[in-house]
> 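Attaching a single structure in structure tokens format; questions to follow.
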There are 2 protein chains.
Amino acid sequence: MTQKKPTLVSLAESIGVSRQTVSNVLNAPQRVKPATRERVLKAVQESGYRPSAAARQLRTRRSMDLGLRLTPVTDGINGAVQDRFLHALTEAAQDAGYRLTLYSARDDEEEIRHIDELLHVADLDGFVLTGTHAGDPRTAWLQEHAVPFAAFGRPWSRTEDPFESAHPWVDIDGAAGTESATGFLLEQGHRRIGFLGWRPDEGLGDDRRAGWHRAMEAAGIGGSLTELSAATDDDVAAGASAVDGLLARGVTALVCASDSLALGAFAQLRAVLPPEEEPAVVGFDDTPVAAAVGLSSVAPPVADAARRIIAVLSHVLAGRPAGEGPQRHQVLRPSLVVRKPYALGRTVPRRQGG
Amino acid sequence: MTQKKPTLVSLAESIGVSRQTVSNVLNAPQRVKPATRERVLKAVQESGYRPSAAARQLRTRRSMDLGLRLTPVTDGINGAVQDRFLHALTEAAQDAGYRLTLYSARDDEEEIRHIDELLHVADLDGFVLTGTHAGDPRTAWLQEHAVPFAAFGRPWSRTEDPFESAHPWVDIDGAAGTESATGFLLEQGHRRIGFLGWRPDEGLGDDRRAGWHRAMEAAGIGGSLTELSAATDDDVAAGASAVDGLLARGVTALVCASDSLALGAFAQLRAVLPPEEEPAVVGFDDTPVAAAVGLSSVAPPVADAARRIIAVLSHVLAGRPAGEGPQRHQVLRPSLVVRKPYALGRTVPRRQGG
DNA sequence: CACCACAGTATGAACGTTCAAATGGGGTGT
DNA sequence: ACACCCCATTTGAACGTTCATACTGTGGTG
């Protein structure tokens with residue numbers, strides 16, 4: 001019953017043409033006379049012929065396979081971002097005809113070793129980099145070795161214009177995110193809006209802080225903005241313990257660099273503020289935690305980013321000129337998801353009515 | 001500078017042996033005389049030779065590549081389990097010399113089509129199945145086509161003994177998890193402990209309910225256990241709205257089938273119970289949400305499961321007999337993570353002292 | 001009518017590896 | 001001395017594609 005797997009040769013013989021003709025029908029149909037093309041296509045359908053990726057790869061040195069590093073989930077909360085990104089990337093790659101291979105590495109150097117390995121043994125066509133940072137050794141290495149790649153995250157650098165960078169990248173506009181979060185709080189009448197973020201990093205964190213800063217200045221609340229800003233570790237406890245100091249400086253609302261911080265801050269505010277005051281806190285990343293708990297949060301369009309990364313990378317891999325096709329450097333605007341605190345105790349009314 | 005990539009032939013010529021000898025040094029060292037082996041190994045090191053996966057695959061029909069379906073994250077909270085599993089699986093596969101290829105599918109049938117495709121086109125060696133359920137068409141298809149695979153999740157079936165199943169699987173003992181959660185609540189003096197779970201599914205959900213049931217009966221609290229049990233959708237809101245009915249039946253503590261349910265239930269209890277009563281709720285899956293919010297939860301050893309799945313699958317793929325090597329069917333005990341509610345408002349004292 | 005251009009198709013070679021079988025040198029036993 | 005065997009190594013062939021080139025027939029052109 002189970003036929004032996006058909007090959008180009010066996011299939012060609014069965015319909016009386018040469019293997020190259022069958023190959024042409026699949027790879028360069030315009031070269032083949034319509035009549036023969038039909039005949040071959042029919043045979044392909046009926047036999048269920050599928051070209052062997054290994055043989056093709058051996059000959060062409062292309063694998064139609066992309067690599068992605070799976071970073072260790074340091075913070076369980078923000079790890080969810082990676083999850084959404086990965087899923088969208090898988091689908092987009094699949095739709096574009098690429099397969100996706102995962103590898104795991106502890107640091108950039110180990111990642112480079114893995115890339116090198118995958119490049120040599122498996123002929124991977126390209127890579128998707130995440131978590132780019134200032135002085136990233138990976139981008140340098142990849143460029144030096146002329147390996148196609150696209151990054152999720154702009155090349156953070158003080159000296160060079162990211163829009164001049166040689167490699168394609170897609171990033172989220174963190175500043176625009178915190179800016180609109182701040183705008184939202186301003187609309188609600190808050191004036192002394194604090195920012196709770198990470199220590200200066202010349203990257204993601206500073207970007208998010210910058211958006212808040214910009215919005216505050218635009219609203220005419222310049223002056224001593226630094227005293228409204230706090231920098232800590234990225235976890236719930238740190239978020240909670242940073243609140244007291246900010247409150248002492250008259251802060252009435254908070255924009256946070258992450259949902260972890262926002263959650264901690266919210267809980268602490270809840271405990272410290274008088275019951276009638278609803279804490280005004282906005283997080284960042286729109287993680288499941290924020291959704292579950294009813295916390296407003298800036299939602300980065302990670303799925304969209306993943307699709308665009310695949311689009312620009314497959315454009316490069318197809319050998320098309322950088323001039324046409326998708327933009328090589330893209331900054332995507334996040335949206336603000338406004339929620340009413342839900343699972344945090346007080347908002348569920350103690351007793352609805354009589 | 002950049003040499004052309006060395007091959008078996010070029011390398012063999014450079015040291016004056018045949019290509020097969022070099023191949024043997026790498027694949028069957030015992031066949032080669034120690035002296036030559038040394039000489040070849042040295043040349044391999046110096047040249048940085050790496051065998052071509054494509055050529056090897058073309059000849060051997062083995063790709064050293066495993067497939068895994070990335071399921072759409074339906075519930076953001078429990079999706080984190082997938083994240084941890086995936087990471088551990090990637091590392092384990094990597095350590096075992098396998099690569100991991102992802103694909104995405106909306107349902108079982110689409111997954112089967114993808115598996116079929118990957119099998120023919122890319123010669124994948126095996127697959128890891130997740131989310132097995134009663135009457136799973138995937139296991140049937142894979143067995144019928146003699147495709148090696150291992151499942152995360154036992155084959156849920158009323159008619160057949162899972163420990164007799166032909167394919168290897170690793171699963172978490174959900175019943176043991178809820179049982180120990182119930183035991184923990186019993187120790188704290190609770191008697192009427194409720195169970196908040198999903199609608200009957202003859203699988204995961206029933207298993208978790210069964211553990212609670214078992215523990216209650218063992219504690220002599222038999223009788224009308226069904227009235228202490230509720231079944232709803234798996235989300236925070238559903239968890240919250242199920243609470244009132246259970247309270248009416250005298251429930252003082254809750255074991256839940258998921259962290260989503262637990263979070264909803266906890267928030268609702270917080271709102272309904274008198275302030276001095278700390279809600280006693282245990283979730284399941286030990287998700288980041290539970291950690292962030294300070295909710296006790298049953299922690300499934302997913303990373304361990306991933307490693308064991310790779311272990312048993314690579315054992316099968318190496319063609320070793322089922323008798324020796326890792327157990328083909330493994331049930332792993334979860335642990336209970338006990339936390340003090342943290343970010344849920346009231347537990348952070350309103351005002352510490354004076 | 002010989003010649004050329006060209007579309008359509010076919011053939012030889014190569015990609016780099018492993019399997020199967022062949023070869024070459026020691027021993028060892030009679 | 002000869003047959004024999006065993007170990008270490010080599011050689012031929014094959015896996016299924018695509019590239020480069022060669023062939024074939026048809027129609028147009030001088």
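Remember, predicted model here, so these are calculated numbers, not experimental data. Each chain gets a letter, A, B and so on, in the order the sequences are listed, and its residues count up from 1.
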> Do the side chains of A:Asp123 and B:Lys5 get close enough for a salt bridge, i.e. N-O under 4.0 angstrom?
yes
> Are more than 12 heavy atoms from other residues, nucleotides or ligands located less than 6.0 Å from atom CD of B:Gln327?
no
> Report the C-alpha distance between A:Ser165 and A:Glu160 in whole Å, list the side-chain angles of each, state the deciding distance to 0.1 Å, and finish with yes or no for side chain to side chain donor-acceptor pair (under 3.5 Å).
CA-CA 8 Å; A:Ser165 89; A:Glu160 285 163 50; over 6 Å; no
> Determine, for B:Asp171 against B:Arg308, whether the closest basic-nitrogen to carboxylate-oxygen distance falls under 4.0 angstrom.
no
> Looking at A:Arg99 and B:Asp65, is any side-chain nitrogen of the basic one under 4.0 Å from a carboxylate oxygen of the acidic one?
yes
> Given atom NZ of A:Lys33 and atom P of D:dT24, what is their separation to the nearest angstrom?
17 Å
> Nearest nucleotide by nearest heavy atom, which residue falls closer to the 5' end of DNA chain D, B:Gln30 or B:Arg59?
B:Gln30
> From the list C:dT17, C:dG16, D:dC19, which nucleotide is the closest neighbour of the side chain of B:Val9?
C:dT17
> Need the bend value for the helix from C:dC1-D:dG30 to C:dT30-D:dA1: angle between end axes, 5 pairs each end, nearest 10°.
60°
> Please say whether more than 12 non-hydrogen atoms of neighbouring residues, nucleotides or ligands are located less than 6.0 Å from CZ in B:Arg320.
no
> In whole angstrom, what separates B:Leu58's CG from C:dG16's P?
12 Å
> Between C:dT18, C:dG16, C:dC15, spot the one nearest the side chain of B:Thr7, thanks.
C:dG16
> For A:Arg50 and D:dT17, give me the distance from atom CZ to atom P, rounded to whole Å.
12 Å
> Mind running a 4.0 Å heavy-atom check of residues 118-126 of chain A against DNA chain D and sending the residues that fall below it, in number order?
none
> What's the closest nucleotide to the side chain of A:Arg61 if the choices are D:dG16, C:dC15, C:dT9?
C:dC15
> Closest-nucleotide mapping onto DNA chain D: is A:Tyr49 or B:Val32 further toward the 5' terminus? I mean the 5' end.
B:Val32
> Separation of B:Leu11 atom CG from D:dT10 atom C1', in whole Å?
16 Å
> Considering only heavy atoms, which members of residues 19-29 of chain B lie under 4.0 Å from some atom of DNA chain C?
B:Arg19, B:Gln20, B:Ser23, B:Asn27
> So A:Arg39 and A:Val17, do their side chains get closer than 4.5 Å, heavy atoms only?
yes
> Using ring centroids (six-membered ring only for Trp), state whether B:His329 and B:Trp169 fall under 6.0 Å.
yes
> Expressed as a whole number of angstroms, how long is the span from A:Arg31:CZ to D:dA20:C1'?
11 Å
> If I take atom CG in residue A:Leu8 and atom P in nucleotide D:dA14, what distance separates them, rounded to the nearest angstrom?
18 Å
> Test B:His114 against A:Gln94 for side chain to side chain donor-acceptor pair (under 3.5 Å), laying out the working first.
CA-CA 10 Å; B:His114 274 117; A:Gln94 195 167 280; 3.2 Å; yes
> Can a salt bridge be assigned to the pair B:Arg138 and B:Asp107 using a cut-off of 4.0 Å between side-chain N and carboxylate O?
no
> Only one of A:Asp304, A:Val170, A:Leu66 forms a side chain to side chain contact (heavy atoms under 4.5 Å, CB included) with A:Ile309, so which one is it?
A:Val170
> Indicate whether any N or O donor in one side chain lies under 3.5 Å from an N or O acceptor in the other, for A:Glu111 and A:Tyr103.
yes
> On the nucleotide D:dT9, are OP1 or OP2 found under 4.0 Å from the side-chain N or O atoms that B:Thr36 carries?
yes
> For the side chain of A:Ser18, starting at C-beta, report the closest nucleotide among C:dC15, D:dC15, C:dA10.
C:dA10
> Measure CZ/B:Arg37 against C1'/D:dT9 and give the value in whole Å, please.
14 Å
